[in-house]
Amino acid sequence: MSYPALATRTAVVTGAASGMGEATARLLGAAGAHVALLARRTERLDALAAEIGAAGGRALAVTADITDQASVDAAVKAVHDAFGPVDLVVNNAGVMLPNPVADGRIDEWTRMIDTNLTGALRIVRAFAADLTEAAAEGRPADLVNVSSIASHVAFPDYAVYGATKAALTQLSTALRTEFGPRDVRVSAIEPGLTDTELGGHIDNPVLREQLGGMFAAIPALTSEDIADLISYTVTRPRHVNLRHLVALPTRQA
């Protein structure tokens with residue numbers, strides 16, 4: 001679909017180096033939005049920014065680690081210096097590291113909580129004033145949190161990942177009570193099986209094989225499917241908040 005309304009927007013996309021974040025940034029840039037690309041992999045960001053620029057868009061590559069406050073602060077300054085205030089934030093960065101809870105993988109728990117929840121909160125804190133300012137000026141203002149169906153569907157050995165995504169969906173619900181009265185929309189997107197790099201982080205061979213089996217059995221969503229859904233969500237009339245969207249492959253539904 002085409003989204004001409006995006007041409008007036010200034011966006012931040014976290015986790016923009018791959019997967020849903022990359023696809024979302026590419027679509028936003030193609031539609032004419034100014035897009036700040038935040039992630040840790042500098043080379044991937046630079047390549048994406050160059051691609052968007054070559055196609056006539058405007059993108060800024062910002063190397064940032066959302067689990068580190070100083071890194072987030074530096075990223076905010078870079079975005080504001082280049083583009084000024086933003087009116088669209090896509091909290092997409094995330095990591096999925098499943099293992100049985102009995103394995104006691106505190107390293108994985110910490111990484112998922114710091115990225116999927118605390119990192120998202122850092123980004124909300126960083127750009128909340130921008131969003132409320134845009135809304136006060138009568139412009140669309142959107143915070144999109146990319147969660148997962150694991151927030152409400154239990155998968156064995158994915159307990160901590162699911163807990164972080166449930167927290168992110170609940171955070172979105174709570175934030176609507178704070179931001180909604182100021183005309184800032186908050187949306188939670190919950191994809192099902194989607195073809196991204198997330199599965200590549202799994203170090204448990206049994207779980208990795210199980211996930212591979214799901215991809216073999218079910219035609220998965222693509223990152224572009226989710227990018228399109230996000231773009232549709234944020235281009236509704238500003239009085240319409242699509243609050244909670246669940247997107248599943250047809251055979252998983």
Side-chain angles (χ1 to χ4, degrees), residues 1-16 20-38 52 56-60 62 66 72 75-76 79-93 120-148 151 168-191 223-247:
M1 292 180 66
S2 176
Y3 299 102
L6 290 172
T8 63
R9 307 295 294 270
T10 301
V12 168
V13 180
T14 68
M20 292 179 281
E22 179 182 0
T24 299
R26 185 179 289 113
L27 195 159
L28 294 175
H34 290 178
V35 189
L37 317 171
L38 272 62
I52 292 171
R58 187 173 177 192
L60 175 71
V62 183
I66 65 169
V72 172
V76 173
V79 172
H80 285 163
D81 287 348
F83 291 156
V86 307
D87 55 44
L88 169 56
V89 175
V90 181
N91 243 335
N92 166 76
L121 279 165
R122 291 184 194 279
I123 296 299
V124 172
R125 175 179 179 267
F127 294 105
D130 287 8
L131 295 176
T132 54
E133 177 184 342
E137 293 173 355
R139 297 186 284 118
D142 289 277
L143 169 64
V144 178
N145 292 322
V146 179
S147 183
S148 167
S151 69
L168 186 59
T169 295
Q170 174 59 26
L171 175 66
S172 303
T173 300
L175 288 178
R176 277 189 289 273
T177 69
E178 298 186 33
F179 288 160
R182 301 183 221 173
D183 295 318
V184 176
R185 301 183 291 199
V186 181
S187 301
I189 310 289
E190 294 188 351
S223 295
E224 289 73 21
D225 292 329
I226 304 305
D228 181 65
L229 181 59
I230 291 170
S231 298
Y232 179 84
T233 298
V234 302
T235 52
R236 299 309 87 205
R238 68 186 297 265
H239 68 282
V240 177
N241 187 165
L242 300 182
R243 53 172 284 165
H244 186 187
L245 298 97
V246 179

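These numbers come from the heavy atoms of this one structure, side chains and all, not from hydrogens, waters or symmetry mates.
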From CA spacing to verdict: side-chain contact (heavy atoms from CB on, under 4.5 Å), Leu88, Leu28
CA-CA 10 Å; Leu88 169 56; Leu28 294 175; 4.1 Å; yes
For side-chain hydrogen bond (donor to acceptor under 3.5 Å, both in side chains), just list the numbers for Ser187 and Thr233, CA-CA rounded to whole Å, side-chain angles, deciding distance to a tenth of an Å, and then say yes or no.
CA-CA 8 Å; Ser187 301; Thr233 298; 5.5 Å; no
Apply side-chain contact (heavy atoms from CB on, under 4.5 Å) to residues Glu190 and Ser148 and explain how you reach the verdict.
CA-CA 4 Å; Glu190 294 188 351; Ser148 167; 5.7 Å; no
side-chain contact (heavy atoms from CB on, under 4.5 Å) between Ile189 and Met20, intermediate numbers included
CA-CA 11 Å; Ile189 310 289; Met20 292 179 281; over 6 Å; no
Yes or no on side-chain contact (heavy atoms from CB on, under 4.5 Å) for Tyr232 and Leu245, after CA distance, side-chain angles and deciding distance?
CA-CA 11 Å; Tyr232 179 84; Leu245 298 97; 5.7 Å; no
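Among all heavy-atom pairs drawn from Pro191 and Ile226, the shortest one is CB-CD1, 3.8 Å. Here the shortest heavy-atom pairing between Gly29 and Ile52 reads CA-CG2, 3.9 Å. Across all non-hydrogen atoms, the minimal contact from Asp87 to Pro140 is CB-O, 3.5 Å. For Leu27 against Ser231, the heavy-atom pair with the smallest separation is CD2-OG, 3.0 Å. Annotation for Thr169 and Ser147: closest pair OG1-OG, 2.8 Å, computed over non-hydrogen atoms. A pairwise comparison of heavy atoms in Thr177 and Ala174 identifies OG1-O, 2.5 Å as the closest pair.
Between the side chain of Arg176 and the backbone N or O of Val186 there is at least one donor-acceptor pair closer than 3.5 Å. Here the side chain of Thr8 pairs a donor or acceptor atom with the backbone of Ala5 at under 3.5 angstrom. Remark: side-chain polar atoms of Arg243 are not paired, donor with acceptor, to backbone N or O of Thr173 under 3.5 angstrom. Side chain of Thr14 to backbone of Leu38: no donor-acceptor contact under 3.5 angstrom is found. A donor-acceptor distance shorter than 3.5 angstrom exists from the side chain of Arg185 to the backbone of Val240, with no hydrogens or angles considered. For Asp183 (side chain) and Ala141 (main-chain N/O), no donor-acceptor pair under 3.5 Å exists by modelled atom type.
The only option from Asp130, Val35, Val76 that meets the side chain to side chain contact (heavy atoms under 4.5 Å, CB included) definition with Val86 turns out to be Asp130.
Annotation: side chain to side chain donor-acceptor pair (under 3.5 Å) contacts of Ser172 (sequence neighbours excluded): Asn145.
Interatomic distance, CG of Asn91 versus CZ of Phe127, reported as 9.5 Å (0.5 Å rounding). In this structure, CD1 on Ile123 lies 11.5 Å from CG on Asn92, to the nearest 0.5 angstrom. For the atom pair Thr10 OG1 and Leu60 CG, the distance stands at 11.5 Å (nearest 0.5 Å). The structure places OG1 of Thr132 at 10.0 Å from CD of Glu137, a figure rounded to the nearest 0.5 Å. If you take CD on Glu133 and CZ on Arg139, they are separated by 7.0 Å, rounding to the nearest 0.5 Å.
Between Ile230 and Val146, the closest side-chain pair of non-hydrogen atoms falls below 4.5 Å. Considering only heavy atoms from C-beta on, Phe179 comes within 4.5 Å of Val124 through its side chain.
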